[in-house]
Enquirer: 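I am attaching a structure below and will ask some questions about it afterwards.
Order of the sequence lines fixes the chain letters, A, B, ..., with proteins taken first and strands second; residue numbering starts at 1 for each chain.
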Amino acid sequence: MSLRSSSGNPVTGKPAGGPADRRLVPRKRKNFLGPQPLGLLFSAPYVIYVLAVLAFPLGYAVYISFHDFFFTAPRVKVDRPFVGFENYITVLSDPAVQRSFLNIGVFMIINVPLTVALSLLLANALNRVTRLKTFFRLSYYVPYVTASVAVVGVWLFLFQQNGLLNTLLGPLAPAPSWLVNSWLAMPTVALYVTWKQLGFFILLYLAALQNIPDELYESASVDGANKWAQFWNITVPGVRPASVLVTLLATITGANLFTEPYLLTGGGGPDGASASPVFIMYQRGLLQGNPDVAAALGVVLVIGVLLIALIQKRLVGGKED
Amino acid sequence: MSVTNAQNAKNDDDASRLPEPAEPVLRPGSGVEKRRNLGVGSFILLGVGAFVFLFPFYYMLIGSLQTAPDTSIFGAFPNPANITGANYVQINESINLFRGLLNSGIFTGGVIFFTVIFGLLVGYALAQMKFRGRGVVFGMMLLVQMIPFQLLLIPLYVMIVRDYGLADSFLGMILPFAINSTAVFVFRQYFLQLPSTLFEAARIDGASELRILWQIAIPLVRPAIVTAVLLTFIGPWNEFLWPFLVTKEQSLQPLAVSLANFISNIAGQAGNPFGAILAGACVLAAPAVALFIFFQRQFISTNIGSSVKG
C-alpha cells in the first residue's frame with residue numbers, strides 16, 4: 001500500500017500542483033479519499049464541466065423563468081425582479097404556444113408508435129437474414145448519421161408541389177401540397193423524423209433481440225407456433241425493456257424538434273401549423289427578446305415530457321412494474 | 001455470402017481478443033442459422049426498407065448534378081444530357097463550402113478532442129480506480145444524459161453569448177458539447193472489462209496512474225476510442241440549432257448552418273435552387289456517410305446498446 005502510493009505520486013502528482021503535502025501525510029489522507037485518490041483528479045475536469053456547463057444552467061433556467069429577465073450587455077447590473085408564475089401564465093395563455101403543443105402531440109401520436117413498430121419489425125428481420133446483412137444495416141444507419149440540414153434539402157425536393165412524389169401520385173397528390181398544407185405539414189414532419197431516426201432505434205432493438213434465448217423459439221416451433229405467433233408471443237415481450245427505452249427516446253427527440261419545422265416547413269408554417277415548442281422558444285426568447293418566457297416554456301415542456309414518459313412506461317412496460 | 005461470413009469470422013476474432021462490452025455481441029453463425037434461414041419475407045421487408053432509406057440519398061446525388069431540376073420519373077435516372085457540375089460552383093459562390101467544412105471540422109474536432117482527453121481520464125478513473133466520490137461521479141454521468149437540451153438553451157445562450165461574450169467563436173460553439181457523456185460511458189464500459197489485477201500489478205511495480213493509463217489501458221481499448229469518436233462525431237457535425245444561435249458571422253459558420261441559411265434565405269436567388277441546395281447537402285453528408293461506411297464494424301448494435309442502456 002505505502003509502496004504503491006509513494007512510487008505513484010511523485011510523477012503524476014506533479015501537474016496537480018499540490019503533491020508535497022499529500023506525500024507528507026499519506027496514510028490518513030489516502031484512507032479518507034480511497035486507495036487511489038488520484039481518481040478525483042482524473043474526474044475533476046469532467047465534474048467541473050458538468051457542473052458549470054450543464055448543472056448550473058439547469059438551475060439558472062428555472063431561476064430565469066421566475067424572474068423578469070431580459071438581455072443586457074455583459075457586466076451591466078440591472079434589477080430583475082421576482083415575478084412568480086407570471087411568465088408561466090404568459091406562456092400557457094399564448095395561442096401560438098398552445099398550438100405548438102397540439103402540433104407536437106400530433107407529431108408524437110404518429111412518430112412514436114410508428115418508430116416502435118417499424119424499428120422492431122426491421123430489427124427482427126435483420127436479425128434473421130444472413131445475406132447482405134452488412135449492407136442492410138449500413139443502409140439503415142445512413143439517414144441517422146447524416147445531418148438533418150442535408151437531408152431536409154432532398155425532402156423539400158421530393159415533397160414540393162411538382163416534386164417526384166406528387167408526380168408519382170398523379171391525381172392523388174394532395175392540394176395544397178404536403179409541406180404547405182396545414183393538415184399535412186406536421187404529419188409529413190413526423191414521417192420525416194421517423195425515417196431519419198429509425199436506424200438508431202433498429203440498433204437498440206438489435207441489441208435487445210440478442211438477449212432472447214433461441215430455445216424459446218425452438219420450443220415454440222416444436223409446439224407448432226407459426227412465425228407471427230412467435231413474433232407476438234416471444235419477441236415482443238422479450239424486448240419490452242428496449243421498447244420502453246425506444247418510446248422514451250423517441251418522445252425526447254420529438255420534444256426537441258427544431259430543425260425540421262424551421263427548414264422543412266419554412267419556420268413552422270403554414271400559419272404555425274407545424275411550429276414546435278422549441279421553435280416558439282427560439283422565437284419568443286431570442287428573436288423577440290423574452291428569455292424569461294422562453295425559459296418558462298422550456299420548463300413546461302420538460303415537465304410535459306416527464307409526464308408523458310411516466311404514462312408511456314405504464315403502457316409499454318406492462319406488468320413488469 | 002462469403003463477405004458476411006468473413007465479417008462474422010472477424011467479429012468472432014475480435015471478440016476473443018478485445019474486451020467485450022457488457023451486452024452480448026451480435027454473433028451470427030452460433031447455432032441460430034436455422035431460424036435465420038427462413039426469412040424470405042424478412043428479406044423482402046429489408047429490401048423495401050433499404051430502398052426507402054437509400055433512395056433519398058441517391059436522389060440527392062442525382063439532383064445535385066442536374067442542369068435543370070427534373071421531377072418526372074425519368075429525373076430519378078442519370079441523363080447524360082442533363083448533367084452538370086455547375087450546382088457545386090453555384091453553392092460554393094454563395095456559401096464557401098471549403099470554409100464551411102473547415103469550420104465544421106474545427107467545431108467537431110474540438111468536441112472530439114475534449115471528449116477523448118477528459119473522457120478517457122474520467123472513464124479510467126470510474127472503472128479502475130477506487131476513490132471517495134466515485135459513485136457520485138458515476139451517478140452524475142448517468143443523470144447528465146437525461147438533461148434535455150431545450151431546457152439549457154436559454155440559460156446557455158445568456159451565459160455563453162451575453163455574459164462571456166463567446167458569440168462568433170469556436171469555444172462558444174464547442175462548450176455545451178465539449179465532453180460527451182455517452183462517450184465517457186463507453187470508455188468506462190471498456191475499461192471495466194480489463195482485469196483489475198493487471199492494474200494492481202502495474203501499481204505494485206511502481207507505475208504511476210498516468211503511465212498505466214497511457215501505456216497499458218489505452219492500447220487495450222483502441223476500439224472503444226474509435227466507437228466513442230464516431231458517436232461523438234455525429235453530434236457536432238450534424239448539430240444545427242446551437243451553432244446557428246451562436247454564430248452570426250458567416251465566415252465562422254459550420255457548413256450545416258450556412259447551408260440552412262442558404263435554404264431559408266437565399267435559395268430563391270439561385271438559378272437552380274434545388275440543384276445548389278442538393279449539391280451543398282452532398283458535401284455536408286459525404287464526410288459523415290464515408291466515415292460510417294469505413295468504420296461500420298465499430299458501430300454495431302452492441303456499442304450503442306450498452307451505451308444507452310446505462
Enquirer: Can you tell which part of B:P56 gets under 4.5 Å to a heavy atom of chain A, answering side chain, backbone, both or neither?
Expert: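 It is both, since atoms from each part get that close.
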Enquirer: Would you mind checking which part of B:F51 comes under 4.5 Å of any heavy atom in chain A, side chain (CB onward), backbone (N, CA, C, O), both or neither?
Expert: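 When you check distances to chain A, no heavy atom of B:F51 falls under 4.5 Å.
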Enquirer: Any idea which of B:L241, B:L45, B:D163 has the most non-hydrogen atom pairs under 4.5 angstrom with chain A?
Expert: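 Maximum pair count with chain A is reached by B:L241.
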Enquirer: Examine whether an atom of B:I293 lies under 4.5 Å from a heavy atom of chain A, and if so say whether it belongs to the side chain, the backbone or both; otherwise answer neither.
Expert: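 Both parts, backbone and side chain.
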Enquirer: Within 45° of the ring axis of B:F43 and under 6.0 Å from its six-membered ring centre, is that where the NZ or CZ of A:R131 lies?
Expert: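 No.
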Enquirer: Name the region of A:L301, side chain, backbone, both or neither, that has any atom closer than 4.5 Å to a heavy atom of chain B.
Expert: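 A:L301 touches chain B through side-chain heavy atoms alone.
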Enquirer: So, for A:I64 and B:I154, which heavy atoms are closest and what is the spacing to 0.1 Å?
Expert: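 That closest heavy-atom pairing would be CD1-CG2, 4.4 Å.
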Enquirer: Does any part of the side chain of B:V136, heavy atoms only, come nearer than 4.5 Å to the side chain of A:V47, both counted from C-beta?
Expert: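 A:V47 vs B:V136: side chains apart.
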Enquirer: Given a strict heavy-atom distance threshold of 4.5 Å, which part of B:F138 is in contact with chain A: side chain, backbone, both, or neither?
Expert: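 For B:F138, neither part sits under 4.5 Å from chain A.
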Enquirer: Given B:L151, which of A:V299, A:I303, A:V305 fulfils the side chain to side chain contact (heavy atoms under 4.5 Å, CB included) condition?
Expert: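 It is A:V299; the other options fail the test.
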Enquirer: State, yes or no, whether a side-chain contact exists between B:F57 and A:S139 at a heavy-atom distance under 4.5 Å.
Expert: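 They are not in side-chain contact.
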Enquirer: Does A:F42 have its ring centroid less than 6.0 Å away from the ring centroid of B:F118?
Expert: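 No, they do not, as the ring centres are separated by 6.0 Å or more.
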Enquirer: Under a 4.5 Å heavy-atom cut-off, does chain B meet the side chain of A:Y262, its backbone, both or neither?
Expert: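 For A:Y262, the contact with chain B is made by the side chain alone.
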Enquirer: For B:S264 and A:L263, work out which heavy atoms get closest and say how close.
Expert: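 Shortest heavy-atom separation between B:S264 and A:L263 comes out as CB-CD2, 4.3 Å.
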Enquirer: So for A:V50, is it side chain, backbone, both, or neither that comes closer than 4.5 Å to the heavy atoms of chain B?
Expert: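 Side chain only.
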Enquirer: If you measure from CE on B:M129 to CG on A:L41, what distance do you get to the nearest 0.5 Å?
Expert: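 Going from CE on B:M129 over to CG on A:L41, the span is 8.5 Å.
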Enquirer: Chain A heavy atoms under 4.5 Å from B:Q128: which part of the residue, side chain, backbone, both or neither?
Expert: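 Contact with chain A is through the backbone of B:Q128 alone.
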Enquirer: With rounding to the nearest 0.5 angstrom, report the CG to CG distance, B:L156 to A:L54.
Expert: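 It is 7.5 Å, given to the nearest 0.5 Å.
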Enquirer: Heavy atoms only: give me the nearest B:R132-A:L40 pair and the separation to one decimal.
Expert: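 Closest approach of B:R132 to A:L40, heavy atoms only: O-CD2, 3.4 Å.
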Enquirer: Which atoms of B:V184 are under 4.5 Å from chain A, going by heavy atoms: the side chain, the backbone, both sets, or neither?
Expert: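 Just the side chain, heavy atoms under 4.5 Å.
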Enquirer: Hey, could you give me the CZ/OG1 distance between B:F292 and A:T146, rounded to the nearest 0.5 Å?
Expert: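 Reported to 0.5 Å precision, the distance equals 9.5 Å.
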Enquirer: Please classify the contact of A:Y140 with chain B as side chain, backbone, both or neither, using a heavy-atom distance under 4.5 Å.
Expert: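 A:Y140 touches chain B through backbone and side-chain heavy atoms alike.
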Enquirer: Under a 4.5 Å heavy-atom cut-off, does chain A meet the side chain of B:F233, its backbone, both or neither?
Expert: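 Contact with chain A: none, neither part.
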Enquirer: Between A:G39, A:P277, A:P291, A:G298, who has the most heavy-atom pairs with chain B when the cutoff is under 4.5 Å?
Expert: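 That would be A:G39.
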Enquirer: Where do A:L51 and B:M140 land on the side chain to side chain contact (heavy atoms under 4.5 Å, CB included) test, with the steps shown first?
Expert: CA-CA 9 Å; A:L51 291 178; B:M140 184 190 233; 3.5 Å; yes
Enquirer: Side chain, backbone, both or neither: which part of B:F274 has an atom under 4.5 Å from a heavy atom of chain A?
Expert: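 B:F274 touches chain A through side-chain heavy atoms alone.
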Enquirer: Measuring only between side-chain heavy atoms, which start at C-beta, is B:V161 closer than 4.5 Å to A:F71?
Expert: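 Of all side-chain heavy-atom pairs linking A:F71 with B:V161, none is under 4.5 Å.
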Enquirer: Between A:F32 and B:F131, is the gap from one ring center to the other below 6.0 Å?
Expert: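 Centroid separation for A:F32 and B:F131: 6.0 Å or greater.
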Enquirer: Looking only at heavy atoms and a cut-off of under 4.5 Å, which of B:C282, B:A288, B:A256, B:G280 has the most pairs with chain A?
Expert: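 Winner by heavy-atom pair count: B:A256.
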Enquirer: So, taking the atom named OG in A:S43 and the one named CG in B:L121, what distance separates them when rounded to the nearest 0.5 Å?
Expert: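 Output value for this atom pair is 8.5 Å.
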Enquirer: Side chains of A:V149 and B:L255: closer than 4.5 Å at any heavy-atom pair?
Expert: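 No; the side chains remain at least 4.5 Å from each other.
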Enquirer: Taking side chain as C-beta onward, heavy atoms only, is B:Q150 less than 4.5 Å from A:F258?
Expert: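 No, every pair of side-chain atoms sits at 4.5 Å or beyond.
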Enquirer: Look at the side chain of A:W195 and the backbone N and O of B:V52, then say whether any donor-acceptor pair between them is shorter than 3.5 Å.
Expert: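 Pair found, side chain donor or acceptor close to backbone of B:V52.
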Enquirer: So for A:A255, is it side chain, backbone, both, or neither that comes closer than 4.5 Å to the heavy atoms of chain B?
Expert: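 A:A255 touches chain B through backbone and side-chain heavy atoms alike.
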Enquirer: Measuring heavy-atom distances to chain A, does B:L175 have an atom under 4.5 Å in its side chain, in its backbone, in both, or in neither?
Expert: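 Contact with chain A involves both backbone and side-chain atoms of B:L175.
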Enquirer: For residues B:M60 and A:A150, report the shortest heavy-atom separation together with the two atoms involved.
Expert: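 Shortest heavy-atom separation between B:M60 and A:A150 comes out as SD-O, 4.0 Å.
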Enquirer: With only heavy atoms counted, which part of B:S64 is less than 4.5 Å from chain A, the side chain, the backbone, both or neither?
Expert: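 No part of it gets close to chain A.
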Enquirer: Taking every heavy-atom pair that is under 4.5 Å apart, which of A:T167, A:L297, A:L164 has the most such pairs with chain B?
Expert: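 Result: the option with the highest number of such pairs is A:L164.
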Enquirer: Under the 3.5 angstrom rule, does the side chain of A:N256 hit a backbone N or O of B:P148 as a donor-acceptor pair?
Expert: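 Pair absent, no side-chain N/O of A:N256 close to backbone of B:P148.
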Enquirer: CG/A:L38 to CD/B:E209 distance, rounded to the nearest 0.5 angstrom?
Expert: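 It is 6.0 Å, given to the nearest 0.5 Å.
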Enquirer: Is there a side-chain contact between B:W237 and A:V145 (heavy atoms, below 4.5 Å)?
Expert: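 No. Closest side-chain heavy atoms not under 4.5 Å.
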Enquirer: Would you please indicate yes or no on a ring centroid separation below 6.0 angstrom for B:F53 and A:F136?
Expert: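 No.
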Enquirer: If you round to the nearest 0.5 Å, how far is CZ of A:F157 from CD of B:Q66?
Expert: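 Result: 5.5 Å between the selected atoms.
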Enquirer: Non-hydrogen atoms of chain A under 4.5 Å away: do they reach the side chain of B:L245, the backbone, both or neither?
Expert: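 When you check distances to chain A, only side chain atoms of B:L245 fall under 4.5 Å.
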Enquirer: What residues form a side-chain hydrogen bond (donor to acceptor under 3.5 Å, both in side chains) with A:Y49, not counting sequence neighbours?
Expert: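 side-chain hydrogen bond (donor to acceptor under 3.5 Å, both in side chains) list for A:Y49, sorted by chain: empty.
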Enquirer: Indicate the atoms forming the closest heavy-atom contact of B:S42 with A:R128, along with that distance.
Expert: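 Between these two residues, the closest heavy atoms are OG-CD, 3.6 Å.
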Enquirer: Less than 4.5 Å to any heavy atom of chain A: does that hold for the side chain of B:L213, its backbone, both, or neither?
Expert: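 It is the side chain, since no backbone atom gets that close.
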Enquirer: Determine whether A:Y46 and B:F114 satisfy the following criterion, side chain to side chain contact (heavy atoms under 4.5 Å, CB included), listing intermediate values before the conclusion.
Expert: CA-CA 10 Å; A:Y46 177 70; B:F114 289 120; over 6 Å; no
Enquirer: Out of A:L156, A:D292, A:L168, which one racks up the most heavy-atom pairs below 4.5 Å with chain B?
Expert: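 Most heavy-atom pairs within the cutoff with chain B belong to A:L156.
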Enquirer: Show the nearest heavy-atom pair for residues A:L122 and B:L46, with the distance to one decimal.
Expert: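 That closest heavy-atom pairing would be O-CD2, 3.7 Å.
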Enquirer: Highest number of heavy-atom pairs under 4.5 Å with chain B: which of A:G285, A:G153, A:P57?
Expert: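 The answer is A:P57.
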Enquirer: Go through the steps for A:F135 and B:L54 under the test side chain to side chain contact (heavy atoms under 4.5 Å, CB included), then give the verdict.
Expert: CA-CA 11 Å; A:F135 166 75; B:L54 290 181; 3.8 Å; yes
